[in-house]
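What follows is a short report on a single structure.
Chain A is the first sequence line, chain B the second, and so forth, proteins listed ahead of strands; every chain is numbered from 1. All of these numbers come straight from a predicted model, not from anything done at the bench.
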There are 4 protein chains.
Amino acid sequence: MKMIPVGILGATGMVGQHFVKFLQGHPQFEIAWMGASDRSAGKHYSEATSWRLDGVMPLSVAGLVVEECKPGNAPELVFSAMDASVATEIEREFAEAGHAVVSNSRNHRMELDVPLLVPEVNPDHLKLIPVQRKLRGWKGQIATNPNCSTVVLTLALGPLKPFGIKRVIVTTMQAISGAGYPGVASMDINANVIPFIGNEEEKMQQETQKILGDFADDHIAPLEAGVSAHCNRVPVVDGHTETVSVEFTTKPQAADLIHAMQSFSSVPQQRKLHSAPAHPVIYMSEKDRPQPRRDVERERGQTVFVGRLRECAVFHYKFVALGHNTIRGAAGAAVLNAELMLSEGLFGQ
Amino acid sequence: MKMIPVGILGATGMVGQHFVKFLQGHPQFEIAWMGASDRSAGKHYSEATSWRLDGVMPLSVAGLVVEECKPGNAPELVFSAMDASVATEIEREFAEAGHAVVSNSRNHRMELDVPLLVPEVNPDHLKLIPVQRKLRGWKGQIATNPNCSTVVLTLALGPLKPFGIKRVIVTTMQAISGAGYPGVASMDINANVIPFIGNEEEKMQQETQKILGDFADDHIAPLEAGVSAHCNRVPVVDGHTETVSVEFTTKPQAADLIHAMQSFSSVPQQRKLHSAPAHPVIYMSEKDRPQPRRDVERERGQTVFVGRLRECAVFHYKFVALGHNTIRGAAGAAVLNAELMLSEGLFGQ
Amino acid sequence: MKMIPVGILGATGMVGQHFVKFLQGHPQFEIAWMGASDRSAGKHYSEATSWRLDGVMPLSVAGLVVEECKPGNAPELVFSAMDASVATEIEREFAEAGHAVVSNSRNHRMELDVPLLVPEVNPDHLKLIPVQRKLRGWKGQIATNPNCSTVVLTLALGPLKPFGIKRVIVTTMQAISGAGYPGVASMDINANVIPFIGNEEEKMQQETQKILGDFADDHIAPLEAGVSAHCNRVPVVDGHTETVSVEFTTKPQAADLIHAMQSFSSVPQQRKLHSAPAHPVIYMSEKDRPQPRRDVERERGQTVFVGRLRECAVFHYKFVALGHNTIRGAAGAAVLNAELMLSEGLFGQ
Amino acid sequence: MKMIPVGILGATGMVGQHFVKFLQGHPQFEIAWMGASDRSAGKHYSEATSWRLDGVMPLSVAGLVVEECKPGNAPELVFSAMDASVATEIEREFAEAGHAVVSNSRNHRMELDVPLLVPEVNPDHLKLIPVQRKLRGWKGQIATNPNCSTVVLTLALGPLKPFGIKRVIVTTMQAISGAGYPGVASMDINANVIPFIGNEEEKMQQETQKILGDFADDHIAPLEAGVSAHCNRVPVVDGHTETVSVEFTTKPQAADLIHAMQSFSSVPQQRKLHSAPAHPVIYMSEKDRPQPRRDVERERGQTVFVGRLRECAVFHYKFVALGHNTIRGAAGAAVLNAELMLSEGLFGQ
């Protein structure tokens, strides 16, 4: 099969590095173009980048020459790992110039005509792309993936949506890798908890309602459910753990909820997309799982693990969910989005 | 003032050591008797005990000879730091023999005629002592303090009780010191979260309802509020952090809740009990506080810190609370209980 | 190729679990027999074992029935993951009964006729096996791998041996996984350093001299070099980091030492043994590497990483070394030993 | 006694905050003046400073108005907590203008006429002050304290100097607080070891030789002993732990070394300086102590703890030392220096 060249906007940063790592060995996508700030442009990727991830920089990308973040000669498909401070304009320019911009940045997520995708949960939200193109007169497109804490919650709630979700209270215990580099100072988090992450709670609440909402005609009707989030940073390297209490319109059986999670399978699984996990949600029956250090690397980081589903003394049920914040919550999410979009014929024609 | 001799049941364990440490320099109570298992009896405290706390064992107790946990020649006032596996019978024996047993063990907490005290929140629950003595024919008495996670929640909710608490959902992030020694294996908690603590959620839910309940005639009518807890262990040394969402009977003003916390003062403050903090609850206005490593040692570990009170998208308000699990959640709680009981004339006559 | 069945003595413990994990997908060795204590005998491996490693127990072993640690019907090749308190006798019984006992236990390491192997460093020490068989009248054999801290040091020093090692001072910063389960209490190691590991320094000093010694006629003449070790536990999950100062008989060039490490290749590489790393030692030129969390999982955990080789103001040179304590320092070491022994025709005939 | 007003140069940074904290309750020194960058000048200390230490900013300093770092109206005694990038010139200006500059910055430490003090070890190095004044034509003076890792080593070695120190190899395991704020990124140090700290090894080697050297006529003759340091960062909050191997001119008895440490007392103890610990070195006989989290806060952070003195297989003896890097290694060191200088009549006349 012919490889599809891909570009990375913001390639030298921490999220950019996660894209580089996650795309190693991808059977369809090949990194062909690296975009970064003017300061890096013209340098080899290996010179321009302080590699922060485990191990060392893959040799295959070390020699690529970094370019400015301008559409020019970038490939059609570009992943955006740009910092929110610059993403808005640049992503638009690329989309206008005909690129498929698959973005991890938060900037366009909540725009009415931009899909905020979790491919197993709301693949039909891609119907917004024609709306977006028409409205904006674009040849290209922008699609986004949610914030890393949102994706864990929505993948866990996705299979439960048919039971009628009414109210959700969630507390996160988020890994330090979610904050980029240098991110959280060790003096702040070593043997500590920080009970605050800027704007995280608002993002998590709004994004969850949009993702679990329904495509109606030309827009998304957000889920009419109350969602309240408490977001905390804990001294864990990778993996956001979340405790969730849920109230439904009528109380289901616990066994039915667990069955819905275990048997959950959707478009990415049916189409056997490369980055789709065999099981988007794995329910663990051990009494003290999932745990971030022990479970987060399983299934290539693309699965959300759920455990301890039990009755809640206030709502109907409560459970624990865990997902990999830099894989399923960032690079892996965007790559799966691109695979879904490719399978829909939205680019690469 | 003449010093009151005190004994410690289970003196060699981790909780016993916390009693030893907390009682250093106490102006009224002087450790005069140490009880432990048969294996330790007859040895000096310094021989019988592997000191696990910071620093080294106080010299003043090193030479005390450990005795068996039998009433015999123990002082009237005994603190119980015994393991739950043995506390039930031994505490009863001591109470029957006329001792004031001020216990940190969970065994008698939920018995109908045993006070489960948070001195600022429910000092009137001591009215159960005459009921207990009458029912059981005891000259002595048993009073208890709550589980370490409960005390943080109830001290934060205490000032809010007058507003009519209806529903509470709480998630804890608990320190490793709460599990004793050796307690949690480092292989389990290093850079990890364990989303389960055995029986903790049940204890927290029931104890909260009892503590916030009202003394009526000869028993406690538990608070008729739903309480649901998610309990987690995180890699923090001391200090339980809790995220709390609360629904009231009618929605109060945020400013009124904060004022109620800040101005909260109760019997222990009025009587200037030695171990009573000047402010049982301190509200912090910083956006990212309280934090366990930075705040837990303040105010001798006897205050609960609250922050981030804000609207909850599902209930009325949400906030963060923090307390010292081995001080206000264990030894410091029991000592304050004893001071309250002494001020009521329940022993030491 | 026909698979060789293997047994694991002490299969249910932490080290036994590491053998199970490391042997997954091995092209020659297939786990066919599990031995453990009487208490576990008769149960399925899944029942008898609390799986402590990342992820979940491999399905392929879950259904094996655990047997007592008696020779009877175990396969010829058995790996020993037994606790030192029981290994001496049982390993002997198996060797006497004709088994090839490839042991990770410390019990027989320092016996004069037992090879203490690091396959790249002293493969010729296997010449002790005929000596051992003759002396003891055994059909079988015992071969051992070193302590986890020793293997890191000796693999780093192996390539430097030709330069004439005279004196070595080493300080270790050892991971918690080296202590088994429950191992180190979190109250002892969270945000702390423990500057003591029982008997570790003595083991490291003696084992290093034996491993770097020469086979002479019928015994090993230990390396006549002074070795002094300071052993510490640090809050790291996997990977022992060691700082090493070395004095040679005459001062070599730094470049020659680095070249010797980088080009180091030995019998396991020449024979392309399955568990042999392509490069037993990888020299990293970054100024702040190797680091345990970032490097330890590379090369399947079988390589030792060295960095920062520079002049020492007291000895000739100093450097940092890192190795995976539960892989190259335990299960992976023993499996590579077995592969080397198989390639020598010492069993499987 | 009349209080002596003091100023702090670089008052808003992390080291400046440590000065503020350490000086609380000081019986002679009262903070009267705060100097910081132009950006902060004119603001209240509470506005200009993000308080990073445990607890909250002391009320007594919150209202002080921060000034530019110019001599003008600063008190005679100023502590310098300035960043090395600006300290050289500013400290000189203050000394020239007649101030006693007691600096924690590294800039002037190795200058030939500047004392590098550890008051118990080399109080006579203050004889450099008249030399300095004469050479430079200053009315004021500069005195410095060593790097945080050096002070631990030199306090431990100080009592051993009479035995004739010949060679020292030391490995440090340094706390994150030594790196200031934001300092070490949590992504770099969480559950990790970083085997490199920029310029630390060189500083430690040179400073140790100067401190243990002898004042001769008009300069310091450095100790003629080889010192080699390996410096590492570990995930510990406060407290540098160091493993030390020492060779003497002739081998002393272990008991004599331990006695020398235990009985060590010097000018600061004799003069009962306020910040002088009763025992500059405490030898711990437990097999696994000292430990940073358990011991570092003892004795107001001003004592160095030593343990595990035992024979070294390469040099004569080896041991473990621990000291508080932000107290005895920074603010507490400088304050004790000032107390010594005051007792010598070097300022405050």
Q.
Which atoms of C:Q205 are under 4.5 Å from chain D, going by heavy atoms: the side chain, the backbone, both sets, or neither?
A. side chain
Q. Who wins among D:I176, D:N192, D:I194, D:T171 for the most heavy-atom pairs under 4.5 Å with chain C?
A. D:N192
Q | Top contributor to chain C contacts, counting heavy-atom pairs under 4.5 Å, from D:V236, D:T243, D:V237, D:V168 | A | D:T243
Q | C:R310 portion near chain D, given a 4.5 angstrom heavy-atom threshold | A | side chain
Q: Check for a donor-acceptor pair, side chain of C:T208 on one end and backbone N or O of C:M204 on the other, with a separation under 3.5 Å.
A: yes
Q.
If we ignore hydrogens and angles and just use 3.5 Å, is the side chain of D:N232 paired with the main-chain N or O of D:T172 as donor and acceptor?
A. yes
Q: Would you please indicate yes or no on a ring centroid separation below 6.0 angstrom for C:F315 and D:F315?
A: yes
Q | Charged N-O contact under 4.0 Å between C:D214 and C:K161 | A | yes
Q. Any donor-acceptor pair under 3.5 Å linking the side chain of C:E207 with the backbone of C:R109?
A. no
**Q.** Heavy-atom proximity to chain D below 4.5 Å, by part of C:V320
**A.** side chain
Q) Looking at C:A175, C:A313, C:P195, which one has more heavy-atom pairs under 4.5 Å with chain D than the rest? A) C:P195
Q.
As an exercise: rank C:D238, C:V234, C:N190 by heavy-atom pairs under 4.5 Å with chain D and give me the winner.
A. C:N190
(Q) Under a 4.5 Å cutoff for heavy-atom pairs, which residue among D:D288, D:I169, D:V314 has the most contacts with chain C? (A) D:V314
Q. With a 4.5 angstrom heavy-atom cut-off, which part of C:V296 approaches chain D: side chain, backbone, both or neither?
A. neither
Q: Report yes or no: does C:H279 contribute a side-chain atom to a donor-acceptor pair with the main-chain N or O of C:I282 at less than 3.5 Å?
A: no
(Q) Shorter than 4.5 Å, heavy atoms on both sides: which option in C:C312, C:S245, C:G226 has the most such pairs with chain D? (A) C:S245
Q. What part of C:T241 is in contact with chain D, defined as an atom under 4.5 angstrom from a non-hydrogen atom: side chain, backbone, both or neither?
A. side chain
Q.
Can you tell me which of D:R167, D:R308, D:K287 forms the most heavy-atom pairs within a distance under 4.5 Å of chain C?
A. D:R308
Q) Between the side chains of D:N325 and D:S177, does any donor sit under 3.5 Å from an acceptor? A) yes
Q.
Using the side-chain hydrogen bond (donor to acceptor under 3.5 Å, both in side chains) definition, which of the options C:Q291, C:R294, C:R293 pairs with D:D188?
A. C:R294
Q) Between D:L322, D:V244, D:V227, D:V193, which shows the greatest number of heavy-atom pairs under 4.5 Å with chain C? A) D:V193
**Q.** Contact winner vs chain D - C:M173, C:K318, C:E247, C:R289, heavy-atom pairs under 4.5 Å
**A.** C:K318
Q.
So does C:P252 get a backbone contact from the side chain of C:Y317, meaning a donor-acceptor N/O pair under 3.5 Å?
A. yes
Q) Is it true that a side-chain atom of D:K166 and a backbone atom of D:V246 form a donor plus acceptor pair closer than 3.5 Å? A) no
Q | Proximity breakdown for C:E201 and chain D, heavy-atom pairs closer than 4.5 Å | A | side chain
